[in-house]
Amino acid sequence: MMETPICDYVKNYTDSDALRLHMPGHKGKNLLGMEMLDITEIDGADVLYAPSGIIRQSEENAAALFGTVRTIYSAEGSSLSIRAMLYLVSLYGRKTGRKPLIAAARNAHKAFMTGAALMDMDVHWLYPAESGNLLSCILDPEMLDAELAAMPEKPIAVYVTSPDYLGNTVDIAALASVCHRHGVLLLADNAHGAYLHFLPGDSRHPIALGADMCCDSAHKTLPVLTGGGYLHIAHRAPAMFAEQADRAMSLFASTSPSYLILQSLDRANRYLTEEYRERLAAFLPTVRGWKEELRRMGFELTGTEETKITIAPKSYGYTGTELAEILQKHNIHCEFADPDYLVLMTAPETGETGIRRAAEVFTGIPRRTPNIETPPPIPRGKKVVSIREAVFAPSRTVAVEESIGHILAAPSVNCPPAVPIVVSGEVIGEEAIQCFRYYGTAFCDVMDV
């Protein structure tokens with residue numbers, strides 16, 4: 001049985017009836033019901049980003065589970081791990097005498113943009129062969145090979161998001177092979193794919209497929225509290241990544257990590273070892289069966305991710321937003337909806353009962369005349385200044401109708417999906433205005449120059 005050192009420590013501390021003359025202010029007295037388990041980095045509880053005791057032991061358990069040289073816990077989701085990855089890549093670039101240049105698929109999360117701003121990294125954007133949509137950027141390995149070969153200066157790393165918000169995945173193994181052949185690292189935002197390591201058969205996790213580093217939001221697909229995440233470093237990665245990982249995380253992290261989240265990550269190690277694989281394998285046929293049922297009804301599905309159900313409902317006569325509103329009336333809440341898609345995230349904890357409950361609602365949705373409205377093309381950005389210069393410049397908020405010709409300052413995007421239409425430092429053109437209108441963005445921040 002895998003040990004749970006963080007959980008064991010906190011339970012023993014709670015059972016000891018200690019007088020808590022330390023933070024937090026609730027002193028272990030219940031208001032919500034879990035305060036007795038909520039402690040801080042007292043003596044014996046270890047320090048998250050300088051671990052030498054129970055946290056280090058727990059992280060080593062996670063590393064063994066995922067097959068990494070280091071797995072570092074995040075109590076602040078993948079956003080923290082993304083910034084840490086960029087910092088480590090920046091350090092590596094300095095060490096090897098390379099400019100802070102990274103090539104990234106255009107559907108990168110907002111956290112990537114803010115990380116690039118903080119590190120003053122230059123980004124070479126990678127686009128798919130077809131325009132696609134805002135949330136997906138399926139990179140072809142041959143195109144990446146040609147793009148890297150044509151670049152006058154090689155980037156330090158290529159950065160991809162897989163799975164993306166719509167459940168699309170890229171060929172990590174092929175992309176990793178291309179990158180390594182060019183002497184370039186591969187980083188993956190795997191926020192939506194922690195469970196991929198535990199699917200039946202060989203692991204489909206980015207680390208197993210050749211990525212040098214990746215982040216997982218454990219809380220998105222595993223039974224972990226919101227905010228729980230991992231930074232994974234592969235055995236093949238430069239040694240300095242593992243050596244400097246804690247420093248990288250601590251540079252951007254709170255000095256007051258949640259021990260509720262840490263206990264959740266710690267307890268998940270045992271669960272993932274003992275029963276999760278079997279529960280996931282048993283649940284997958286239920287999800288596949290519902291997907292087939294939806295297709296038979298006439299719904300169009302997209303994406304290749306196993307546990308995510310992404311419906312493109314316009315051919316059925318609805319927008320994703322309209323379907324979300326129907327579900328809400330039945331007290332069923334989706335992960336994401338916009339004019340073109342409805343995203344439903346399932347897990348073994350959803351169970352067959354949960355799937356049946358949702359399926360019954362869909363059987364009662366009448367088919368309507370197809371909605372033929374198509375999204376506007378995603379603009380290819382025209383860089384005017386660096387991301388850092390734009391983010392740190394004085395700015396003002398304007399209506400999007402008045403923003404044409406201005407330079408975007410802070411990204412104008414909500415989470416989900418947190419994928420910017422225009423990147424900081426790019427000029428706002430007519431195509432961007434059309435996208436802002438389509439996706440419901442009314443205002444944006446522009447450089448005040």
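Side-chain atoms are counted along with the backbone in the values below, which use heavy atoms only and exclude waters and symmetry mates.
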Should the pair Lys308-Asp164 be classified as a salt bridge under the 4.0 Å nitrogen-to-oxygen rule? no
Check ion pair Glu430-Lys382 (N to O, under 4.0 angstrom): no
Minimum heavy-atom separation for Thr71 and Ala62, please, with both atom names. CG2-CB, 3.9 Å
Compute the ring centroids of Phe436 and Phe443, then answer whether they are less than 6.0 Å apart. no
Taking the ring centre of each residue, are Tyr341 and Phe336 less than 6.0 Å apart? no
Using 4.0 Å as the upper bound for N to carboxylate O, is an ion pair formed by Glu60 and Arg56? yes
Do Asp448 and Ser395 have side-chain N/O donor and acceptor atoms under 3.5 Å apart? no
Measure across Leu175 and Leu139 and return the closest heavy-atom pair with its distance rounded to 0.1 Å. CD2-O, 4.1 Å
With Arg368 as the cation and Tyr316 as the aromatic partner, state whether NZ or CZ is under 6.0 Å from the six-membered ring centre and within 45° of the axis. no
Identify which one of Val89, Val123, Ile156, Asp122 satisfies the side-chain contact (heavy atoms from CB on, under 4.5 Å) criterion when paired with Leu101. Asp122
Quick check: closest heavy atoms across Met213 and Leu88, and the distance to 0.1 Å? SD-CD1, 3.7 Å
Could you tell me whether Arg204 and Glu306 make a salt bridge, using a distance below 4.0 angstrom between a side-chain N and a carboxylate O? yes
If we ignore hydrogens and angles and just use 3.5 Å, is the side chain of His330 paired with the main-chain N or O of Ile332 as donor and acceptor? no
Please confirm whether the backbone N or O of Ser81 pairs with a side-chain atom of Ser74, one donor and one acceptor, at under 3.5 Å? no
Can Asp445 and Thr397 be counted as having a side-chain donor-acceptor contact under 3.5 angstrom? yes
If you take the centroid of each ring, where Trp contributes its six-membered ring, are Tyr276 and Tyr195 closer together than 6.0 Å? no
Any donor and acceptor pair, going by atom type alone, linking the side chain of Ser424 with main-chain N or O of Ala409 inside 3.5 Å? yes
What heavy-atom pair brings Trp125 and Ala108 nearest, and what distance separates the two atoms? CZ3-CB, 4.2 Å
Stacked cation flag Arg380 on Tyr127, 6.0 angstrom / 45 deg: yes
Exercise: do His205 and Asp216 side chains pair donor with acceptor under 3.5 Å: yes
Do the charged groups of Lys314 and Asp340 touch, with an N to O distance under 4.0 Å? yes
Where is the tightest heavy-atom contact between Ser256 and Ser254, given as atom of each residue plus distance? N-OG, 2.9 Å
Side-chain (Glu300) to main-chain (Ile311) donor-acceptor, under 3.5 angstrom: no
Asp212 side chain to Tyr92 side chain, donor-acceptor N/O pair below 3.5 angstrom: no
Without hydrogens or angle criteria, can the side chains of Arg247 and Tyr49 be said to hold a donor-acceptor pair below 3.5 Å? no
With Ser136 as partner, the option from Thr302, Asn107, Thr161, Asn168 fulfilling side-chain hydrogen bond (donor to acceptor under 3.5 Å, both in side chains) is Asn168
Is the NZ or CZ atom of Arg388 positioned over Phe392's six-membered ring, under 6.0 angstrom from the centre and within 45° of the axis? yes
Thr169-Thr304 side chain donor-acceptor pair, cut-off 3.5 Å: yes
